[in-house]
Amino acid sequence: MKRALRLGITGKIASGKTLLSQWLREQDITVLDADTIAKEVMEENAEVRSELITLFSPAVFADNKLDTKYLAGELFNNSEKRLAVEAIVHPLVIEAFDRAFQEAPAGSVVGVESALMFQTGFDDDFDIVILVTASDDQIIERNHTSKRFTETDLRSRLVIQDFSKEMEDWADFVIENSGTKEAFVSRASTIIDIIKIIASGDLPEDPMRVFEEESDPQ
């Protein structure tokens with residue numbers, strides 16, 4: 001059938017997945033950000049807001065806005081609460097993505113950027129998943145330049161976003177981001193050309209990653 005191809009983009013924090021997403025947007029490919037959609041759900045859905053206040057405290061919202069720093073601190077130190085938040089928010093985030101997929105023109109590519117795609121089983125919602133990789137040492141060195149996070153915060157995030165070697169095998173494409181931006185874009189360009197060709201053909205009704213698992217005789 002003719003529909004939009006669902007592209008998942010994942011990788012550790014500061015690995016280069018956002019760089020890939022930005023470059024894809026420059027190529028007129030829609031890329032949604034899971035964290036942005038999740039934040040919108042938490043701020044705009046009254047039921048979700050109430051559940052978050054019950055789970056944490058009214059301090060989770062400041063001036064009617066989600067206090068992301070407070071929430072991050074709570075989640076990084078409490079896996080039970082992190083799973084509880086995921087159970088509240090993820091179904092609504094997935095609904096938002098499904099609407100975007102359904103509304104997109106047939107033959108187009110719609111991407112979603114999410115750091116915890118494999119860890120949450122979210123990858124089954126996609127036709128193709130790209131994993132962007134970089135070593136922890138490279139990520140920490142880049143953060144020294146950008147100063148986006150404290151080193152303690154960054155290392156905490158890296159623990160949560162751990163990607164085992166097995167996860168590289170789960171990805172359909174792996175782009176190593178260990179050199180220049182030009183080299184990274186060159187690798188990405190080749191892969192996206194292949195993905196566009198796949199998107200132009202007939203796709204199964206269900207996401208290809210689910211379809212392939214169901215077709216696997218093992």
Side-chain angles (χ1 to χ4, degrees), residues 1-12 15-42 44-45 47-48 83 85-133 161 163-175 187-218:
M1 64 179 292
K2 291 290 185 180
R3 61 169 175 80
L5 183 142
R6 303 178 173 200
L7 174 64
I9 300 164
T10 193
K12 294 180 182 180
S15 61
K17 63 183 182 299
T18 299
L19 173 62
L20 175 60
S21 297
Q22 291 170 343
W23 178 79
L24 289 174
R25 293 184 186 107
E26 293 171 4
Q27 316 309 307
D28 295 323
I29 293 175
T30 297
V31 181
L32 307 174
D33 179 67
D35 288 343
T36 300
I37 301 297
K39 183 179 179 182
E40 290 174 357
V41 167
M42 288 186 276
E44 298 173 8
N45 186 297
E47 185 175 345
V48 170
L83 292 173
V85 171
E86 289 174 0
I88 294 168
V89 176
H90 279 192
L92 296 175
V93 172
I94 291 172
E95 283 182 15
F97 292 148
D98 283 341
R99 286 194 297 271
F101 293 143
Q102 292 165 10
E103 293 169 0
S108 65
V109 177
V110 178
V112 171
E113 178 186 336
S114 173
L116 299 176
M117 191 166 288
F118 291 134
Q119 293 89 335
T120 59
F122 189 25
D123 60 298
D124 284 345
D125 280 11
F126 296 91
D127 298 301
I128 293 172
V129 172
I130 295 175
L131 171 62
V132 181
T133 64
Q161 297 177 5
F163 283 82
S164 65
K165 186 66 177 177
E166 183 182 30
M167 289 182 184
E168 292 191 17
D169 296 334
W170 295 348
D172 299 288
F173 296 98
V174 177
I175 305 178
R187 296 187 192 104
S189 181
T190 300
I191 290 171
I192 294 305
D193 285 345
I194 295 171
I195 290 173
K196 285 180 176 178
I197 292 171
I198 296 171
S200 67
D202 288 333
L203 298 173
E205 182 176 354
D206 292 328
M208 289 199 315
R209 289 177 65 85
V210 172
F211 181 79
E212 288 168 0
E213 287 179 4
E214 292 174 347
S215 301
D216 190 340
Q218 296 181 348

Engineer: How long is the span from the CD1 atom in Ile130 to the CG atom in Asp172, to the nearest 0.5 Å?
Structural biologist: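 Between Ile130 CD1 and Asp172 CG, I get 8.5 Å after rounding to 0.5 Å.
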Engineer: Give the C-alpha distance, both sets of side-chain angles, the deciding distance and a yes or no for side-chain contact (heavy atoms from CB on, under 4.5 Å) between Leu131 and Phe173.
Structural biologist: CA-CA 6 Å; Leu131 171 62; Phe173 296 98; over 6 Å; no
Engineer: Flag the pair Asp123 and Arg209 as a salt bridge only when some basic side-chain nitrogen lies within less than 4.0 angstrom of an acidic carboxylate oxygen.
Structural biologist: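 Here Asp123 pairs with Arg209 in a salt bridge, since their nearest N and O are under 4.0 Å apart.
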Engineer: With sequence neighbours left out, what residues match Ser108 under side-chain hydrogen bond (donor to acceptor under 3.5 Å, both in side chains)?
Structural biologist: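 Partners of Ser108 under the side-chain hydrogen bond (donor to acceptor under 3.5 Å, both in side chains) test: none.
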Engineer: Run the numbers on Val174 and Val132 for side-chain contact (heavy atoms from CB on, under 4.5 Å), then give the verdict.
Structural biologist: CA-CA 6 Å; Val174 177; Val132 181; over 6 Å; no
Engineer: With sequence neighbours left out, what residues match Gln102 under side-chain contact (heavy atoms from CB on, under 4.5 Å)?
Structural biologist: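 If we apply the side-chain contact (heavy atoms from CB on, under 4.5 Å) test to Gln102, skipping adjacent residues, the hits are Asp98.
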Engineer: Quick one: pull up CZ in Phe101 and CZ in Phe126 and give me the separation to the nearest 0.5 Å.
Structural biologist: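 Phe101 CZ to Phe126 CZ: 4.5 Å, rounded to 0.5 Å.
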Engineer: Taking Val31's backbone N and O only, do any of them form a donor-acceptor pair with Ser21's side chain (distance below 3.5 Å, no angle check)?
Structural biologist: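 Checking the backbone N and O of Val31 against the side chain of Ser21, no donor-acceptor pair under 3.5 Å is found.
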Engineer: Return each pair, listed once, that meets salt bridge (Lys or Arg N to Asp or Glu O under 4.0 Å) where at least one residue sits in residues 30-41; pairs must be two or more places apart or across chains.
Structural biologist: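 Listed by first then second residue: nothing to list.
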Engineer: Might you point out which heavy atoms bring Lys2 and Asp202 nearest each other, and give the distance in Å?
Structural biologist: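 Result for this residue pair: CE-OD1, 3.5 Å.
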Engineer: Out of curiosity, Arg187 CZ to Ile192 CD1, how far, rounded to the nearest 0.5 Å?
Structural biologist: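 Between atom CZ of Arg187 and atom CD1 of Ile192 there are 14.5 Å.
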Engineer: As an exercise, state the distance from CG of Leu20 to CD1 of Ile9, rounded to the nearest 0.5 Å.
Structural biologist: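 One finds 4.5 Å between CG of Leu20 and CD1 of Ile9.
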Engineer: Examine distances only and state if a side-chain atom of Arg3 and a backbone atom of Pro204 form a donor-acceptor pair shorter than 3.5 Å.
Structural biologist: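 Yes; judged by distance alone, with no hydrogens or angles, the pair exists.
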Engineer: Under the rule for side-chain contact (heavy atoms from CB on, under 4.5 Å), what residues qualify as partners of Ala96, not counting sequence neighbours?
Structural biologist: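 Applying side-chain contact (heavy atoms from CB on, under 4.5 Å) to Ala96 gives Ile37, Arg99.
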Engineer: Main chain of Met208, side chain of Asp127: is a donor-acceptor contact present, judged purely on distance under 3.5 Å?
Structural biologist: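 Answer holds: yes.
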Engineer: Residues two or more places apart in sequence or in another chain: which of them pass side-chain contact (heavy atoms from CB on, under 4.5 Å) with Thr30?
Structural biologist: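 If we apply the side-chain contact (heavy atoms from CB on, under 4.5 Å) test to Thr30, skipping adjacent residues, the hits are Leu32, Val110.
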Engineer: Apply side-chain contact (heavy atoms from CB on, under 4.5 Å) to Thr120 and list each qualifying residue two or more places apart in sequence or on a separate chain.
Structural biologist: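 Once residues adjacent in sequence are excluded, the partners of Thr120 under the side-chain contact (heavy atoms from CB on, under 4.5 Å) criterion are Glu86, His90, Leu116, Phe122.
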Engineer: Kindly determine whether Leu7 and Val112 satisfy side-chain contact (heavy atoms from CB on, under 4.5 Å), including the steps that lead there.
Structural biologist: CA-CA 6 Å; Leu7 174 64; Val112 171; over 6 Å; no
Engineer: Can a donor-acceptor pair be found, under 3.5 Å and without considering hydrogens, that links the side chain of Lys17 to the backbone of Lys12?
Structural biologist: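 Yes.
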Engineer: Applying side-chain contact (heavy atoms from CB on, under 4.5 Å), run through Ile175 and Thr133 and close with a yes or a no.
Structural biologist: CA-CA 6 Å; Ile175 305 178; Thr133 64; over 6 Å; no
Engineer: When rounded to the nearest 0.5 angstrom, what distance separates CD1 in Ile194 from CD1 in Ile128?
Structural biologist: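 Atom-to-atom, Ile194:CD1 and Ile128:CD1 are 9.0 Å apart.
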Engineer: What's the spacing between Glu113 CD and Gln22 CD if we round to 0.5 Å?
Structural biologist: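 Output value for this atom pair is 8.0 Å.
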